[in-house]
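Here the structure is laid out as structure tokens; the discussion comes afterwards.
Residue numbers run from 1 in the order of the sequence given. Only this structure's heavy atoms are used, side chains among them; waters, hydrogens and symmetry mates stay out.
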Amino acid sequence: MTASDDTRARTIARIGELVSKTETIADPAARHAAVDLTQAVMELHAAALSRAMEIVAASGGDRTLDALAADDLVATVLVLHGLHPDDTETRLRRAFDKLRAFFDVRGAGLSLISVDSTGVHVRFQGARPGDGTAARQVIEDTFYEAAPEIERLTIDGLDERRENGFVPLTDLLVQKV
């Protein structure tokens, strides 16, 4: 994870916390004002980003648009505002390529079964039994960040055990509830 990825993850988590706090404001007028303020700031940013994208495109900046679309931080904001130049399927394929590279270096595998504008279906082949929970989180986060508008995400193979007889230590320990 790069510093940019870490900053983006922390910021997104912070935004989620603030949205939750805003929803708990007891005074309806104050809650409404907070939501209105946030929406107004978002509309301003969306309009400015849209205009910036138009300026770049009009100046023949196809390489610049490609670079912006490929940058994880910028892409996240462009997707948020519906301004990402790539369609859903392209973004899902790019996310899949990143995930495949991520899992390949860890001795696991990810194969693409299908992808379209409504969702993606992948198969995970874990390197070790018990890889499923962490792998699911990484896969879900990556795909939903790339295309939050998707209707479905299907991940096969996460709960399967390898047939080599290996039992991880965590499966042998008594779990305290």
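Of the charged side-chain nitrogens involved, none lies within less than 4.0 Å of a carboxylate oxygen, so that R91 and E145 do not count as a salt-bridged pair. The pair E89-R93 counts as a salt bridge, with a side-chain nitrogen and a carboxylate oxygen less than 4.0 angstrom apart. Salt bridge absent: D141 and R136 never bring a charged side-chain N and a carboxylate O closer than 4.0 Å. Electrostatic pairing of R63 and D66 does not count as a salt bridge here, judged by no charged N lying under 4.0 Å from a carboxylate O.
At a threshold of 4.5 Å between non-hydrogen side-chain atoms, the residues F143 and L99 count as touching.
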Exercise. Step by step, would you call R94 with D86 a side chain to side chain contact (heavy atoms under 4.5 Å, CB included)?
Worked result: CA-CA 10 Å; R94 184 179 289 129; D86 293 334; 2.7 Å; yes

Exercise. Does the side chain to side chain contact (heavy atoms under 4.5 Å, CB included) test come out yes or no for V138 and F103, once each step is laid out?
Worked result: CA-CA 10 Å; V138 169; F103 286 118; 4.2 Å; yes

Problem set entry | Derivation and outcome, side chain to side chain contact (heavy atoms under 4.5 Å, CB included), residues E23 and V19 | CA-CA 6 Å; E23 292 171 346; V19 166; 3.7 Å; yes

For this session: I would like to know whether T7 and L73 meet side chain to side chain contact (heavy atoms under 4.5 Å, CB included); could you show each step before the answer?
Result: CA-CA 9 Å; T7 299; L73 180 60; over 6 Å; no

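I15 and L37 sit in two unconnected hydrophobic clusters of ILVMFWY residues. Membership requires side-chain heavy atoms under 4.5 Å apart, directly or through other members. Linking Ile, Leu, Val, Met, Phe, Trp and Tyr whenever their side-chain heavy atoms come within less than 4.5 Å puts L92 and F124 in one cluster.
Residues A147 and T88 share a closest heavy-atom pair of CB-CG2, 3.9 Å. When all heavy atoms of H84 and A69 are compared, the closest pair comes out as NE2-O, 3.1 Å.
Checking side-chain atoms of R123 against main-chain N and O of S111 turns up no donor-acceptor pair under 3.5 Å. With T142 contributing its side chain and I139 its backbone, the two residues share no donor-acceptor pair below 3.5 Å. A distance-only check finds no donor-acceptor pair linking the side chain of H121 to the backbone of L112 [under 3.5 Å].
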For residues 43-57, run the donor-acceptor check on the side chains, cut-off 3.5 Å, and write out each pair with its distance to 0.1 Å, sequence neighbours left out.
from, atom 1, to, atom 2, distance (Å)
R51, NH1, E54, OE1, 3.1

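Under a cutoff of 6.0 Å and an axis angle of 45°, R100 and F96 do not form a cation-pi pair.
How far CD of Q125 is from CG of L158: 10.0 Å, rounded to the nearest 0.5 Å. In this structure, OG1 on T118 lies 4.0 Å from CZ on R152, to the nearest 0.5 angstrom. The CG atom of L78 sits 6.0 Å away from the CG atom of L83 when rounded to the nearest 0.5 Å. E151 CD to D116 CG: the interatomic distance, rounded to the nearest 0.5 Å, is 9.0 Å. The OG1 atom of T154 sits 8.5 Å away from atom CD1 of I113, with the distance rounded to the nearest 0.5 Å.
In this structure, D104 has no salt bridge (Lys or Arg N to Asp or Glu O under 4.0 Å) partners at least two apart in sequence or on a different chain.
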